[in-house]
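Encoded as structure tokens, the structure appears first; notes follow it.
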Protein chains: 2
Amino acid sequence: MTQTYTIGELGRLTDTKVETVRYYERIGLLPHPPRSSGNYRVYDRAHLGRLGFIRRARELGFSLEQVRELLELSGQDAQPCEQVDELVQTHVTDIERRIHDLQTLRQELTQLLAQCQHGKVAECRIIEALQPHVDGQTAA
Amino acid sequence: MTQTYTIGELGRLTDTKVETVRYYERIGLLPHPPRSSGNYRVYDRAHLGRLGFIRRARELGFSLEQVRELLELSGQDAQPCEQVDELVQTHVTDIERRIHDLQTLRQELTQLLAQCQHGKVAECRIIEALQPHVDGQTAA
DNA sequence: CTTGACCCTGTAGTGACTACAGGGTGGATA
DNA sequence: TATCCACCCTGTAGTCACTACAGGGTCAAG
Ligand SMILES: [Zn+2]
Ligand SMILES: [Zn+2]
Ligand SMILES: [Zn+2]
Ligand SMILES: [Zn+2]
């Protein structure tokens with residue numbers, strides 16, 4: 001009637017390594033499930049749903065702390081979703097900052113690559129850009 | 001004549017925490033410097049240059065393993081800079097992949113935010129998108 | 001001679017897993 | 001029934017690049 005799953009089945013259904021499922025339990029993201037006579041974890045559909053939630057949130061780049069909050073909020077059906085939106089907006093802003101940082105980096109690196117004349121290492125613009133500025137100060 | 005630095009001075013000059021300098025030494029990125037009578041590390045301009053190189057490379061997003069290779073390559077003045085370029089190109093490709101992934105993420109999240117009607121959590125599109133698909137399967 | 005800024009070593013914590021080692025369980029097969 | 005093998009269990013340690021102590025020692029100024 002009420003379907004149950006072993007940890008391996010749960011893992012297969014949510015694309016999660018068994019070790020990761022146990023890790024989520026250890027840090028309190030998943031509840032301790034009941035155990036079988038042989039001490040195996042016995043999961044039900046509620047566990048499956050919760051783990052699915054966690055994994056989708058992770059795929060969307062939320063941290064486990066944020067996942068924890070989202071799980072908490074998702075239980076408060078009758079509350080306005082303001083806090084959810086706020087959390088997501090924060091995450092989007094963070095992602096945008098990271099995109100920006102990476103684009104800056106990419107720009108710098110491609111410029112260096114473009115300046116390289118493909119000669120000896122001694123003249124390579126890339127190595128040069130990493131070397132300390134040797135201007136002045138040879139003697140104190 | 002030949003200027004020396006304490007670890008703290010080196011840190012200040014390269015914007016590196018003292019612990020981080022020691023860490024670099026521990027993992028073999030920086031050589032063990034000579035010690036003073038009081039067992040203090042005594043650095044010279046070569047150390048300063050090397051640490052500067054490491055820090056600039058880190059700012060450009062290279063991993064410590066890549067930094068290690070870059071340091072190695074930078075010593076081979078007479079060799080062609082092919083391997084340097086290759087390493088940098090690999091890094092750029094990696095950055096581009098990360099940018100792409102983040103842009104996809106951003107797209108997904110902003111779409112969810114746009115769909116939210118700001119009602120109760122129970123109807124929130126974001127929470128919905130994270131919940132498991134409840135289609136069918138209510139009974140086996 | 002005491003203060004306080006600096007230095008030393010060694011260990012443990014971060015995030016989010018992942019990878020064992022060393023065992024126990026459960027169902028199918030010979 | 002014995003044996004096999006896939007699966008499960010716990011506990012610990014490794015990853016990356018630091019960072020943060022705790023518990024001391026050193027050194028120059030006042
Ligand atoms: Zn080149
Ligand atoms: Zn080059
Ligand atoms: Zn809303
Ligand atoms: Zn909403």
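Below, chains carry the letters A, B, ... as their sequence lines are ordered, and counting in each starts from 1. Only heavy atoms go into these numbers, but all of them, side chains included; no hydrogens, no water, no symmetry mates. Since the model is a prediction, treat every value here as computed from it, not as a measurement.
With B:Thr16 as reference, B:Leu51 is the one residue of B:Leu51, B:Ile7, B:Ile54 to meet the side chain to side chain contact (heavy atoms under 4.5 Å, CB included) rule.
B:Lys120 has no carboxylate O lying under 4.0 Å from a charged side-chain N of B:Glu123, or vice versa, which leaves the two without a salt bridge.
In terms of heavy-atom proximity, A:Gln131 sits nearest to B:Ser74 at NE2-CB, 4.2 Å. B:Arg56 and A:Ala129 get closest at one heavy-atom pair: CD-O, 3.5 Å.
When the P atom of C:dC7 is taken as reference, atom OH of B:Tyr40 falls 7 Å away, rounded to whole Å. For A:Arg35 and C:dG24, the CZ to P distance is 16 Å, given to the nearest whole Å. In this entry the distance linking CD of A:Glu25 with P of C:dC17 reads 15 Å, nearest Å. Separating the CD1 atom of B:Ile27 from the P atom of D:dC16 is a distance of 10 Å, rounded to the nearest angstrom.
Between C:dT9 and B:Arg41, a contact under 4.0 Å exists linking OP1 or OP2 to a side-chain N or O. Contact annotation: B:Arg26 side-chain N/O to C:dT11 OP1/OP2 distance is not under 4.0 Å.
Fit an axis to the five pairs at each end of the helix from C:dC1-D:dG30 to C:dA30-D:dT1 and the two axes sit 30° apart, to the nearest 10 degrees.
Side-chain contact, A:Thr14 with A:Arg55: no donor N or O sits under 3.5 Å from an acceptor N or O.
Of the residues near DNA chain D, A:Ile7 and B:Arg22, the one whose nearest nucleotide (by heavy atom distance) lies more toward the 5' end is A:Ile7. The 5' end of DNA chain C is approached more closely, in terms of each residue's nearest nucleotide, by A:Tyr24 than by the other of A:Ser36 and A:Tyr24. Heavy-atom nearest nucleotides on DNA chain D were determined for B:Asn39 and for A:Glu19, and the one closer to the 5' end corresponds to A:Glu19.
Judged by atom type and distance alone, A:Tyr23 does not reach the base of C:dG15 through any side-chain donor-acceptor pair under 3.5 Å.
In this structure, of C:dC7, D:dA20, D:dT10, it is D:dA20 that holds the atom nearest to the side chain of B:Lys17.
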*Before giving the answer on ring-ring contact (aromatic ring centres under 6.0 Å, His included), spell out for A:His47 and A:Tyr5 the whole-Å C-alpha distance, their side-chain angles and the decisive distance to 0.1 Å.*
CA-CA 9 Å; A:His47 293 105; A:Tyr5 311 90; 9.2 Å; no
